[in-house]
Amino acid sequence: MALIYQDLSEPVKKVVEQTLSQRVVSCEELRDGKTHFVYIVVTDGGRYIVKAFRQRTIFSEYDLPDHDKLLWVTDQLDKEGIRHQKILAFQPKHELLPGGFVIFE
């Protein structure tokens, strides 16, 4: 099944500015993703990875990640001393990104 391209760079910028209280300098989409929309966002405070989840519909096979599972995986990686991206923010739904999003450092 072919995926429909959707440019979410403007909503991603607004969500990052609202969530992190930082001004976005640039926002670049990584277009290799098959399941979700992924962006590299540079702000005046740092560089972040933002994953905007596709909104689940009755026609979609994509499952949205569970917040508790994301935190559990992060805790397990920490316990084992494995370096990984830290989750800075997670919202399963948002008015600008209805499928939700996660921001990684």
Novice: Before you tell me yes or no, could you show the steps for E17 and K14 under salt bridge (Lys or Arg N to Asp or Glu O under 4.0 Å), namely the whole-Å CA-CA distance, both residues' side-chain angles and the distance that decides it to 0.1 Å?
Specialist: CA-CA 5 Å; E17 288 180 342; K14 290 178 183 174; over 6 Å; no
Novice: To the nearest 0.5 Å, what is the distance between CZ (F104) and OG1 (T74)?
Specialist: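 One gets 7.5 Å once the value is rounded to the nearest 0.5 Å.
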Novice: Extract all donor-acceptor atom pairs below 3.5 Å that involve side chains of residues 76-90 and protein atoms in other chains or at least two apart in sequence.
Specialist:
residue	atom	partner	partner atom	Å
D78	OD1	H84	NE2	2.7
D78	OD1	K86	NZ	3.0

Novice: Tell me, do V25 and R23 make a side-chain contact under 4.5 Å, heavy atoms counted?
Specialist: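 Yes, their side chains come closer than 4.5 Å.
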Novice: To the nearest 0.5 angstrom, please state how far the CD atom of Q91 sits from the CZ atom of F53.
Specialist: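 So the gap between those two atoms works out to 11.0 Å.
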Novice: Please name all residues satisfying salt bridge (charged side-chain N to carboxylate O under 4.0 Å, His left out) with E95, sequence neighbours left out, ordered by chain then number.
Specialist: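 E95 satisfies salt bridge (charged side-chain N to carboxylate O under 4.0 Å, His left out) with no other residue.
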Novice: Considering only heavy atoms from C-beta outward, does the side chain of F101 approach that of L96 to under 4.5 Å?
Specialist: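 No - every pair of side-chain heavy atoms lies 4.5 Å or more apart.
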Novice: Sequence neighbours excluded, which residues qualify as side-chain hydrogen bond (donor to acceptor under 3.5 Å, both in side chains) partners of T43?
Specialist: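 For T43, the residues satisfying side-chain hydrogen bond (donor to acceptor under 3.5 Å, both in side chains) (neighbours in sequence not counted) are Q22.
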Novice: Could you list the residues that satisfy side-chain contact (heavy atoms from CB on, under 4.5 Å) with E28, not counting sequence neighbours?
Specialist: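 Scan of E28 (side-chain contact (heavy atoms from CB on, under 4.5 Å), adjacent residues dropped) gives none.
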Novice: Decide yes or no for V41 and R47: does some side-chain heavy atom of the first lie under 4.5 Å from some side-chain heavy atom of the second?
Specialist: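 The answer is no; the side chains never approach within 4.5 Å.
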Novice: Under 4.5 Å between any side-chain heavy atoms of V50 and V38, yes or no?
Specialist: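 A side-chain contact is absent here, since even the closest heavy-atom pair is not under 4.5 Å.
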Novice: What about V102 and I49, same hydrophobic cluster or not, with Ile/Leu/Val/Met/Phe/Trp/Tyr joined at side-chain heavy-atom distances under 4.5 Å?
Specialist: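 Yes, because V102 and I49 connect within a single hydrophobic cluster, where side-chain heavy atoms sit under 4.5 Å apart.
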Novice: Is the shortest side-chain heavy-atom distance between F37 and V12 below 4.5 Å?
Specialist: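 No, their side chains stay 4.5 Å or more apart.
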Novice: My understanding is that only residues two or more places apart in sequence, or in another chain, count here; which of them pass salt bridge (charged side-chain N to carboxylate O under 4.0 Å, His left out) with K51?
Specialist: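 Per chain and number, K51 pairs via salt bridge (charged side-chain N to carboxylate O under 4.0 Å, His left out) with no residue.
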Novice: Check whether any side-chain heavy atom of H94 lies under 4.5 Å from a side-chain heavy atom of Q18, and answer yes or no.
Specialist: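 The answer is yes; the side chains approach within 4.5 Å.
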Novice: With a 4.5 Å heavy-atom cut-off, do L97 and L8 have their side chains touching?
Specialist: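 Yes, close enough: below the 4.5 Å cut-off.
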Novice: With sequence neighbours excluded, what pairs up with S9 under the side-chain contact (heavy atoms from CB on, under 4.5 Å) test?
Specialist: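 Scan of S9 (side-chain contact (heavy atoms from CB on, under 4.5 Å), adjacent residues dropped) gives D7, C27, Y39.
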Novice: Report the C-alpha distance between V16 and I103 in whole Å, list the side-chain angles of each, state the deciding distance to 0.1 Å, and finish with yes or no for side-chain contact (heavy atoms from CB on, under 4.5 Å).
Specialist: CA-CA 8 Å; V16 169; I103 301 174; 4.2 Å; yes
